[in-house]
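Since the structure comes first, as structure tokens, the remarks are kept for the end.
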Amino acid sequence: IDLGNYIAPMFVESGSVTDAQHAFDRLLHRTEHSWTSLILGYIDCGQAQAALSLHQKMQEDGVNPSCFTLTALLKACTRLKDIDNGRQIHEEVKKHGFEGDVFLCSALLDMYAKCGAILEAEEVFERLPVRNVVCWTALIAGYIENGFAEQALKCFNRMQTEGITPDAVTLLCSLKACSSMRALDLGRQIHTDIVQKKHERDVIVGNTLIDMYIKCGSIEEAHEVFDKLPVQD
RNA sequence: UACACUCAAAGAUAAGU
């Protein structure tokens, strides 16, 4: 076992990315895995810029990034809305032939979407060999974030015709789209789905449902949801 | 030695002001 891989997550859990950095600096064998752990540690501590700067240091150290590394770096770009760095990492993804990795591509598509480049996000999506629920949800969330609620709902339908079952995150995103589209009927259907899947008692889900019913003009249903909430703050 | 399994990476995080 290479303990170096676990040092960063351990220190990050105890709240100190600085300690993680010190431990990392003393490692004799810095592998691509330990670099990736440190990058993720910085991101978890809200220091995405520092995480990104490790990219170059890693190259200087002569360590090649894996798809895990590039996924982490893309996440840092997303946090910083740094599309220029994101594009560079995209080039690196192509160079290493990682374009078939579904984790990496969902991070890539999310990066483009969150940076406002919805066309590029769509392109990444269309080129994906396999699309799981995370890819679909990232695209749906991207449409919503960029003000295309109608596209989001179309995408929600399309994913289901293609046999992918929405999960709690997908349902929550789609509810937001229903709110802005005033799509009460679809909102009700999603509500039914949420109840069946037993996500009803989740406070965030409950709040999003209430918001949807209010924006769609149904105070009565909003109140019903409210009455069933386990916590009413 | 081979095979299998497990082990690091991706999506929502609400409303209002």
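As the structure is a prediction and not an experimental result, all values here were calculated from the model. Residue numbers begin at 1 in each chain, while the letters A, B, ... track the order of the sequences.
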From [atom1] of [X] over to [atom2] of [N], roughly how many Å is that when rounded to an integer?
X	N	atom1	atom2	answer
A/Arg201	B/A14	CZ	C1'	18 Å
A/Ile204	B/G16	CD1	P	15 Å
A/Asp211	B/A14	CG	P	11 Å
A/Leu171	B/A14	CG	C1'	15 Å

Task: Nucleotide nearest A/Asp167 when distance is taken to its side chain, options B/A14, B/A8, B/G11 - done: B/G11
- [ ] Please tell me which of the listed nucleotides, B/A8, B/A10, B/U13, lies nearest to the side chain of A/Asn132?
- [x] B/A10
Task: Under-4.0 Å side-chain N/O to phosphate OP1/OP2 contact, A/Lys176 with B/U13 - done: yes
TODO: Ignoring backbone atoms, test whether A/Lys114 places a side-chain nitrogen or oxygen under 4.0 Å from the OP1 or OP2 oxygen of B/A12.
DONE: yes
Open item on the list: For B/A14, does the base pair up with any side-chain atom of A/Asn207 as donor and acceptor (N or O, under 3.5 Å, distance only)?
Closed with: yes
Task: base_contact_polar (B/A10 base, A/Ser106 side chain, donor-acceptor, <3.5 Å) - done: yes
- [ ] May I have all residue pairs that pass salt bridge (Lys or Arg N to Asp or Glu O under 4.0 Å) and include part of residues 66-79 of chain A, sequence neighbours excluded?
- [x] none
Open item on the list: Please find the pair of heavy atoms, one from A/Leu229 and one from A/Gly206, that lie closest to each other, and give the distance.
Closed with: CD2-CA, 3.8 Å
TODO: Specify the closest pair of heavy atoms between A/Val102 and A/Val130, including all atoms of both residues, with the distance to one decimal.
DONE: CG2-O, 3.7 Å
Task: Any donor-acceptor pair under 3.5 Å from A/Asn64 side chain to A/Glu32 backbone - done: no
Open item on the list: What's A/Val205 touching, base or sugar-phosphate or nothing? Going by heavy atoms closer than 4.0 Å.
Closed with: nothing
